[in-house]
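Numbered from 1 within each chain, the chains take letters A, B, ... in sequence-line order. Below, all heavy atoms of this structure are taken into account, side chains as well, without hydrogens, waters or symmetry copies.
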Amino acid sequence: MQLVNRNSPPVDQVGIEDRIARVTARSIKSDMKLAGLQMAISMIDLTTLEGADTNGKVTQLCTKAQYLCNEYPELPSVAAICVYPSMVGVAKKALGKSGIKVASVATAFPSGQSSLEVKLLDTKMALDNGADEIDMVISRGKFLQGEYDFVADEISTIKEACGKARLKVILETGELGSLDQVRKASDIAIYSGADFIKTSTGKIPKAATLPVTCVMLEAIRDYYLETGKMIAMKPAGGISKSKLALHYLMLVKEVLGDQWLSNEWFRFGASSLANDLLMQYAKAQTGAYQSSDYFSID
Amino acid sequence: MARLEIKKTYKIYIGGKFPRTESGRFYNPKGIDVNVCKSSRKDFRNAVVVARAAQPAWAGRSAYNRAQILYRIAEIMEGRRAQFISELELQGSSKKQADEEVNATIDRWVYYAGWCDKYQQIFSSVNPVASNHFNFSVLEPMGVVAATAPEESSLLGISTIIATAIAGGNSLIAIASESKPLCSVTLAEVLNDSDVPGGVVNILTGNKDELLPHIVQHMDVNALVYCGSDKKVIIDLKEKSADNLKRIAHYSTDAILSDSGESPYFIKTLNEVKTTWHPIEKVGAVGSSY
């Protein structure tokens, strides 16, 4: 298969870190900040992926997604709700015709340690329940063993099963070891049909970072320059502060450009980020620093 | 060759660390040849974040353990006596005054250490009610407290407001005396050596008038202690706190710096009363109740 032999370019780790250091040191002016906060809210995949998820919790999260904050009706709603396959039906019903999408993790999330049959069934279950987007995990074990064909085949099989639903491929970069490996996995996912590439499951301590995201964005950029096709990006896990979210947006604009600055092409996988964005927005509006006591519990 | 004396850099104290102010600003207290950080509202904001994070665990310590830690502060301070005295002298106290202020401060830490496991018994109550309920009231810490130290004192004032807040399970951001800030920084070093968890006490130096409007507007600060008698300031603070229901306590500097600075009511001021209605059956055939 052509893609397996394809050589991903090596990543200059020192250069990437230096670039990130410069992005994060930049100051953000207040009107830009306000626009950035609104944009970030519109890009959130509001997520709950717990063993303890109940119908009630998912319903509550869906309500939050639709009615983020009564005091600021100008704020957009989040992009999607991200849940386990068994909760897709509940979420779909709760969201109704709000236009907010339902994303479901699938393929033996979060470890991916299962057979292809089981993964397909998992995906089918999510789709049958009405999922608009599927977040699959790659088999990191196979990837680390060098079985790139296996990983690529798996992604393209799931992509086929997805039909019209958009497929996000989770690389779980915290388990891949190096930025070179991240680039390799990104290229494999993109060439196997991923609509989105996503950093992490959020289930291990090493989740999304700016350097990792930068490498993945570069993979997207190179693919775009080669083929003219846009691939979307979703960093997930560990992004809970507004400032960090704004840094991500700056990075996207720098590496990919304005085209990617919409929730069709960029998402944040996060649970507590929404409240921090709201608090920062309220701070910008009122001039007073906010307290989590006055915002919903997530 | 003559040795160059190494002088101390006076920094602020946030979350168990000694950063410089993020603003990079400094000022020179009148008559003293040192640079002192002029903290910004962002320093204050950062301090609130760490104070909020540290508060539940501090309140969750046993009262006895909080007492041990406050007593430890007194112990460590005793060992630093000479440094405090020389700083007080540098800021205009006589040798005798400095000696007395350090003595009074150490004694005050011991005094409040003693109250840590006692104020709850004194101020809690079982209340008579006309229904089948066991009704009781207990004190709970307010949470994050901000406090401005008395301007006239470098050590005793700030020590008292810190002790009264943390004895009752609060975390605190203290704004040091603007004209006499040196001892507050050395006090921070003492706190850092005394098992006070990082973030429970944060100490900023700088301009009170600049910081107070931001402090009183901050939604995540539960109470504000103002030491001083400027009526205009007090009215202003009370008006601005109306939006966020912050408790405003104001003490006269004399009260804090004299013997009347020793009172468990200072601890009570920074606590809230929680009353619980616990359903019970009538106790005893005669219908007597709690």
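Atom NZ of K101(A) is surrounded by 12 or fewer heavy atoms from other residues, nucleotides or ligands within 6.0 Å. The environment of CZ in F18(B) is crowded: more than 12 heavy-atom neighbours from other residues, nucleotides or ligands sit within 6.0 Å. More than 12 heavy atoms of other shown residues, nucleotides or ligands fall within 6.0 angstrom of atom OH in Y294(A). Counting heavy-atom neighbours within 6.0 Å of K253(A) NZ, excluding the residue itself, gives a total of 12 or less. With a 6.0 Å radius and a threshold of 12 heavy atoms from other residues, nucleotides or ligands, R20(B) has its CZ atom at or below the threshold.
Remark: of the listed residues D220(B), V221(B), V48(B), D220(B) is the sole one forming a side chain to side chain contact (heavy atoms under 4.5 Å, CB included) with S291(A).
Looking at every heavy atom in both residues, R45(B) comes nearest to Y289(A) through CD-CE2, 3.1 Å. When all heavy atoms are compared, the tightest approach of Q217(B) to A288(A) is O-CB, 3.2 Å. Residue Q290(A) comes nearest to H218(B) through the heavy atom pair O-CE1, 4.1 Å, listed as atom of the first residue, atom of the second, then distance.
Note that the CG atom of N222(B) and the CG atom of D293(A) stand 7.0 Å from one another [nearest 0.5 Å].
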